[in-house]
Every structure is written in C-alpha cells, then in structure tokens.
Amino acid sequence: MADSASGNKSASGAAAPSNFIRHMIGEDLANKKHAGRVHTRFPPEPNGYLHIGHAKSICLNFSLAEEYNGRCNLRFDDTNPAKESQEFVDSIKDNIKWLGFDWHGEVRYSSNYFDHLYDFAVQLIESGKAYVCSLSPDQAREYRGTLTEPGTNSPDRDQTIKENLDLFKRMRDGEFDEGAYSLRAKIDMASPNINMRDPVLYRIRHIQHHQTGDKWCIYPTYDYTHCISDAIEGITHSLCTLEFEDHRPLYDWILHNLDIDSLRVVSDLADSEADYVLPQQTEFAKLKINYTVMGKRKLREMVESGIVDGWDDPRMPTLAGMRRRGFTPASLRNFCESVGVARSESVVDMGMLEHAIRDDLDKNAPRAMCVLNPLKVVLTTFAEDYRAELTMSAHPKDESLGQRVVPLTREIYIDKSDFEEVPPPGFKRLISGGEVRLRGAYVIRCDEVVKDDSGEIVQLNCSVDENTLGKSPEGRKVKGVIHWVSASEGVPATVRLYDRLFNEEKPEAKDVDYHNCLNPESLIKLENCIVEPSVIGNDAGNFQFEREGYFCFDSIDSSDARPVFNRTITLRDSWSN
RNA sequence: UGGGGUGUCGCCAAGUGGUAAGGCACAAGGUUUUGAUCCUUGCAUGCGUUGGUUCGAAUCCAGCCACCCCAGCCA
C-alpha cells in the first residue's frame, strides 16, 4: 500500500517535505487512479546545457518515482531540429547521471514517435478535428485575433476531409515550401484561451533532424507531441512549469479527441491488464535564484560574448559549470529538496545554495592548508636545517578521513592578511611582539618586521615556543590560530577565487540590463599561492583549505606539476572588520 | 480592457475550519588549535486588503489591490 505523503522518505532518509504534488499523488494512489503506478518523465529539449533550474525538475521527477517505487523516463523533446543537436543530448545525459539519477529503460526521444504522431494526425483529420491551412505565419497571426478580440476562422477550415488528407500527405512528401501549409487542430477561434484558437500541429521544415536524419520534412509541434508522447510512455504524472498552464486544456483536448484504444495499443502499456488512464499535466513554479540568471538566451549570450569562458565556466549556473566549481551532486539534490515545490513564483536566496554546499563539504571534505597571499616567516629559533613532520587529522570530527603529514621547516609562509602592524579592534592574529598559534603546530612570537625600501613588509622573524606542540603555552592563553605552509616544501599553485556573477539581486528584472550589473570581481586569479604537499595526488574531489574556504582541483587546467584550484565557496565569516 | 495563475516572517515553505511547522538569513550566548563546524536561545497576537459566514477563519464566501503567464508554424 502506498503510504501517505508525510510518511515518505527522501534519499537522505529525512521525511520528504510535504507539497501539493505529493498530496495529489497520494490521492491518486488512494483512488487507484493509475492502478498504483507512478511514472514520471524529465523531458528536456536538447537545445542547450542544463542549469540548476533544470536540476529542480530532474530531482522532482526522479525523486518522486523513487519514493513511490515508480519509474522516471528521460525523454528528449526533440521536435524542433533547427535548434537542437547531439552535443546537447550527450551533455544532458551526462549531467543527469552525474546528479545521481538513472532513467527507466532506454533514453526516449519524441522523434521515436514520429510515425505514430503522423498516424494520429491522420486520425484527427479523418474525424474532422484537424485541417490543413494555407495561411502564412503572418496571416495566421492576424487571423488569431488578440487577447481581447476573438480570432477569425481560416478560409481552409471547412475543407473536405479528403482534401485535408491529400494536402497533409503532400506536406509529408515534400511538395511544399516551408510555411506554405500547416496542419491545425479545429477547436475554437473565439476561445478566450489563445492556445485553443486552432493551434498548429505540424509545420513544414526542410531540415535534417539529429535523430531521424532526412526522413521527415514536417515536424510536430510541442503541444501536439508532448501529450501523446506522455500517453505512449504510460506517464501518470506529467510535471511541467507554470507557463504551460494555459496549454493544459489543449493537452487534454488532443488526448481526448484521439481514439483511446489506438493510443493504448501503441503505448508501453499495450499488454497491461489495467485500465488505460491518460496522463495528467501538473504545473509548478520554476526555480529562480537571486544574483544569477537562468534564461537560456542570456546564458548562451554570456558564453558567446566572452563574458564567461564557456558553458562550464565555474561562475555559470549550468550543471557543467557548478560541477567544475566544486559543487557536489548531493549538495544540489539537498538544495532542490530544501527549496520545495509550489505554485507561487519565488526567488530563492543564493544563501540557500551556499548553505547546501557548505553543509556537504564541511562533513566530507578533507582539510589542508593553502596560503593565498604569501608572507615569509623565518622561525629564528630553529636550526637552519630544521625539519619536522607533523601529523594532523584530515577532518576535525571525522577520523575516517584519516591523517596527513605536514612538513614544518625554518622558513614558512603565512597569509599577508594574518599579520597587522596596526591591528583593528578585536584582531586576534599576529601582530608585532604578539603571539599566535600556527595551526597544528607551535605558538610563535613576532620579534621583528622586515620591510623593503618601499616600506612593504617582506618578512617576519619569529621565535618558537617549543613547549606548545599539542598543548597550550604555560601561564598565558593564545587566542589566534593561523594557517601556514613550509616555504621549501609547499607546492606553488594557482587559485581562482570565484564570486557571484552579478551585483544586482534580480539581473533578469524587466527594467534591468544584466550587462550593467556584472560583478568585476567574480573571478580573481592568484598565481603565487603555496599549498600543503598532502593535496598533490590526493584524489579527494574537494578540500577545505582551513580558514579560507572549500576548493577543488580544476578539472581542465590542473596538473600535479601546476595545481590549479577553484574556490567553490568561502567559509562563513562572522567576524566583521 | 479577454483568459489563466499567485499573494503566510528579510528569502523559501508547511498548513485543507479548532487557535501560525521547518529551513535559510539575522541576533545573543556556550564549546573550539579553522573568527569554521557544533550546541542553546531569540525571531509572524500575524497569514495582500476590506467586509461577510461561524462558538471559532490563513483555511469558507464576496469585493478590492498587487504581481506573474498567454497573441512562435519555440519549448
């Protein structure tokens, strides 16, 4: 027996949040509407790269299927070959697998159903529900009417079935130019819902299709294709975003005006004993996040104009970009679950996404030290050839992540920002004559500040309290702890600091031009960083560089000889100065 | 000015007539060899608004206001 919505468990084991879709499925199950089946689908058009907004839909569809012991198909909605390509098909499949989901059976394509779709179109013509129209696209627009005025019937609307059949066949056979004819549903040109004013079902396009080659020169439209594809695949719950709400009457009209037995026999449920029940479209609000853009057109434009370095630029909200940035699949899935599913259009705070990745990485990323802006420190009380190997745990709370060995030598680097000659109030790092703890090592005291001719600090000479390894110094307390790396054994590295791409909270707002609110500091490259040697060759995907943030090797530019790190996200910083 | 939607804390979001969950953010404490993590506490007499029904309304009814979507042979 299917359990109630509140009893379901998410992948993480926590109770899945209540939402209107789970309620609906719960009711459908209670009413045995689909004989207890839950079958969803993720239906991307392969005309671009997937972004975090798609992840919400992917998580929703696949998780629902998992929770209810159902299935989820991957179906490419490939009805517009002019905009689609195999490259996008491949990247989408790759992204979904990376996110951790597995579709049911083979990958589907709407184009798999082109033959059936054609037959159903003939059926609609034969039953007087569709006709071939000779209006040009421009004329069709005029005949459609406006939001407040009804449309006008096409002069071809009352053509005989015989004429329509003949014309439609000749459309398929390539006798006509693009735009010369279209197949339209015969519904109601006066409908207040413009989608119902005799919508186009088929249009002529003399172009190759990435899956069907040159087999067709007429292609079905989204509205006509989607509902039938759902019906063929035995989809029970067809989830889509809010802008398709006005299309639902058309979705239902097409399915209800087709012979249900002929639908059933070509469907995946052809051999099923159960009643054949038509799929139900349900809409939810798409994901929006502040300080970023989600529009495909804008993302493409940013790639093509060079604002970013490609679809997988770590600043992009694409799954490819976020992956390269260091986001983990689990963090994205948790994020999608935490934002919920509802029908009100909302803009989620970027802070939610940041919390999701910090939460995951804090638990799972091994720790290491990396100095971003090096300042040389000479530990004067050590001998010239001093060298020690300090063993530190890779994680402060999780021993299962093991330990690492960190070399300590007479000369080390610390970060420039961890020393101040004139410290602000509350500063608890190193100051002249003051003490600080070297993380995992000794307490040192700054005895001398060395400057160059221009007055810039180039070196600190410090003495070491050798009685402070693993214990507090006697008679005083040292509050500050700073990270460091051996000057001779640290590894030179490049670190790329990423930040939000936009300074404006809503760069997609109608009165905003996103070009004017680009964050000039969305990428800062640091070429003189020094990283602890334990990370070299370490195949952990992500690290926490202590006191700095979470970083990962750049999948493209990094090598053992010259490691390149991307900063995924900073640590939270409650110290305001 | 046609049709379809949505309005619950700064941001998400539960709630389906019985007296406002949770998360993020924020604030204040505590622990801490990461100014991290973790822990504790605080954070809507209020649910767009105005009326109505009811013993009782975020939940039901009516009006009003605001915002979003639709006039591709795009999806």
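Bear in mind the structure is a predicted one, so any value in this text is a computation, not a measurement. Below, chains carry the letters A, B, ... as their sequence lines are ordered, and counting in each starts from 1.
Rounding to whole angstrom units, CD1 of residue A/Ile357 and P of B/C24 are separated by 16 Å. When the P atom of B/A13 is taken as reference, atom CG of A/Asn19 falls 11 Å away, rounded to whole Å. The interatomic distance linking A/Arg248 (CZ) with B/G4 (C1') rounds to 9 Å, in whole Å. B/U33 atom C1' lies 15 Å from atom CZ of A/Arg476, rounded to whole Å. One can place CZ of A/Arg358 at 18 Å from P of B/U34, the figure rounded to the nearest angstrom. Atom P of nucleotide B/G4 and atom CH2 of A/Trp253 are separated by 20 Å, given to the nearest angstrom. When the P atom of B/A14 is taken as reference, atom CD of A/Glu337 falls 13 Å away, rounded to whole Å. One interatomic measurement links the two molecules: CZ of A/Phe284 to P of B/A13, which rounds to 12 Å at whole-angstrom precision.
In this structure, A/Val443 reaches neither bases nor backbone, as no heavy-atom distance under 4.0 Å exists between it and the strands shown. Counting any heavy atom pair closer than 4.0 Å across all strands shown, A/Gly426 reaches a base atom. Using a 4.0 Å heavy-atom criterion, one finds that A/Pro396 contacts the bases of the nucleic acid, with or without backbone contacts as well. Among the atoms of the strands shown, base atoms are found under 4.0 Å from some heavy atom of A/Arg367. Counting any heavy atom pair closer than 4.0 Å across all strands shown, A/Lys397 reaches a base atom. Within the nucleic acid shown, A/Val347 comes within 4.0 Å of sugar-phosphate atoms alone, with no base atom in reach, counting heavy atoms only. At the heavy-atom level, A/Arg343 lies under 4.0 Å from the strands shown only through sugar-phosphate atoms. Using a 4.0 Å heavy-atom criterion, one finds that A/Ala285 contacts no nucleic acid atom at all.
Of the residues near RNA chain B, A/Tyr442 and A/Ser574, the one whose nearest nucleotide (by heavy atom distance) lies more toward the 5' end is A/Tyr442. Mapping A/Ser346 and A/Tyr550 onto RNA chain B by nearest heavy atom places A/Ser346 at the nucleotide closer to the 5' end.
The separation of B/G51 from B/G46, taken at their P atoms, amounts to 15 Å, rounded to a whole angstrom. Nucleotides B/U37 and B/U32, compared at atom C1', are 9 Å apart to the nearest Å. Using C1' as the reference atom, B/U8 and B/C47 are 4 Å apart when rounded to the nearest Å. B/C43 and B/A14 have their P atoms separated by 23 Å, given to the nearest Å. Comparing B/A28 with B/A20, their P atoms are spaced 29 Å from each other, to the whole Å. Across B/A27 and B/C69, the matching P atoms stand 35 Å from one another, rounded to whole Å. Of the P atoms belonging to B/U50 and B/U45, the separation is 15 Å, rounded to the nearest Å. To the nearest whole angstrom, the two C1' atoms, one in B/C70 and one in B/U1, are 16 Å apart.
Shown here, B/C60 forms a base pair with B/G52; the pair counts as Watson-Crick or G-U wobble because both key distances fall under 3.5 Å. Nucleotide B/A27 forms a pair with B/U41, judged by Watson-Crick or G-U wobble geometry with both contacts under 3.5 Å. Pairing partner, B/G2: B/C70, with both Watson-Crick or wobble hydrogen-bond distances short of 3.5 Å.
Between A/His395 and A/Asp362, the closest heavy-atom pair is NE2-O, 2.7 Å. Looking at every heavy atom in both residues, A/Tyr219 comes nearest to A/Gln208 through OH-C, 4.1 Å. Considering all non-hydrogen atoms of both residues, A/Asn112 and A/Val107 come closest at ND2-O, 4.3 Å. Among all heavy-atom pairs drawn from A/Pro44 and A/Leu50, the shortest one is CB-CD1, 4.5 Å.
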Below 3.5 Å between N/O atoms, which protein atoms pair up with nucleotides 27-32 of chain B? Just atom names and distances, please.
none

For A/Glu233 and A/Arg75, what are the C-alpha separation, side-chain angles and deciding distance, and is it a salt bridge (Lys or Arg N to Asp or Glu O under 4.0 Å)? CA-CA 10 Å; A/Glu233 294 178 10; A/Arg75 179 172 76 235; 3.0 Å; yes
Stepwise side-chain contact (heavy atoms from CB on, under 4.5 Å) check, A/Leu379 with A/Leu408: CA-CA 10 Å; A/Leu379 303 175; A/Leu408 174 62; 4.1 Å; yes
Check the pair A/Ile194, A/Arg144 against side-chain contact (heavy atoms from CB on, under 4.5 Å), reporting the backbone distance first and the verdict last. CA-CA 8 Å; A/Ile194 292 182; A/Arg144 190 153 35 233; 3.8 Å; yes
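The side-chain tip of A/Arg500 points at the ring of A/Tyr291 from less than 6.0 angstrom away and within 45° of straight on. For the pair A/Arg367 and A/Phe545, the cation does not sit on the ring face, since its NZ or CZ is not both under 6.0 Å from the ring centre and inside 45° of the axis.
With A/Asn19 contributing its side chain and A/Arg22 its backbone, the two residues share a donor-acceptor pair below 3.5 Å. Between the side chain of A/Glu532 and the main chain of A/Met369, a donor-acceptor pair closer than 3.5 Å is present.
Proximity note for A/Thr148 (side chain, C-beta onward) versus B/U33, B/G2, B/A36: the nearest is B/G2. Considering only side-chain atoms of A/Glu546, the nucleotide from B/U34, B/G35, B/G23 that sits closest is B/U34. For A/Asp362, taking side-chain heavy atoms from C-beta onward, the closest of the listed nucleotides B/G5, B/G35, B/U37 is B/U37.
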Base contacts versus sugar-phosphate-only contacts with protein, heavy atoms under 4.0 Å: please encode nucleotides 67-75 of chain B as B, S and - from 5' to 3'. -SBBBSBSB
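OP1 or OP2 of B/G15 lies within a sub-4.0 Å distance of a side-chain N or O belonging to A/Ser18. In this structure, A/Arg547 does not reach the B/A36 phosphate: none of its side-chain N or O atoms is under 4.0 Å from OP1 or OP2. An OP1 or OP2 oxygen of B/C26 is reached within less than 4.0 angstrom by a side-chain nitrogen or oxygen of A/Arg572. For A/His355 and B/C12, the shortest distance from a side-chain N or O to OP1 or OP2 is not below 4.0 Å. Considering only side-chain N and O atoms, A/Ser338 lies nowhere under 4.0 angstrom from the phosphate OP1 or OP2 of B/C12.
Under the 30°/60° scheme for interplanar angles, the aromatic rings of A/Tyr251 and A/His226 are found to be tilted. The aromatic rings of A/Trp216 and A/Tyr118 sit tilted relative to each other, their planes meeting at an angle between 30° and 60°.
Looking only at atom types and distance, the side chain of A/Glu45 has no donor-acceptor partner in the side chain of A/Tyr222 under 3.5 Å away.
The number of heavy-atom neighbours closer than 6.0 Å to NZ of A/Lys296, taken from other residues, nucleotides and ligands shown, is above 12.
Residue-to-nucleotide contacts include a donor-acceptor pair under 3.5 Å from the side chain of A/Gln544 to the base of B/U34.
In textbook terms, a nucleotide whose glycosidic angle is within 90° of 0 is syn, and B/G72 is one such case.
Checked against the 6.0 Å centroid criterion, the rings of A/His23 and A/Phe20 do not qualify as a close aromatic pair.
In the region residues 467-474 of chain A, proximity to RNA chain B at under 4.0 angstrom, judged on heavy atoms, holds for A/Thr468, A/Leu469, A/Gly470, A/Lys471.
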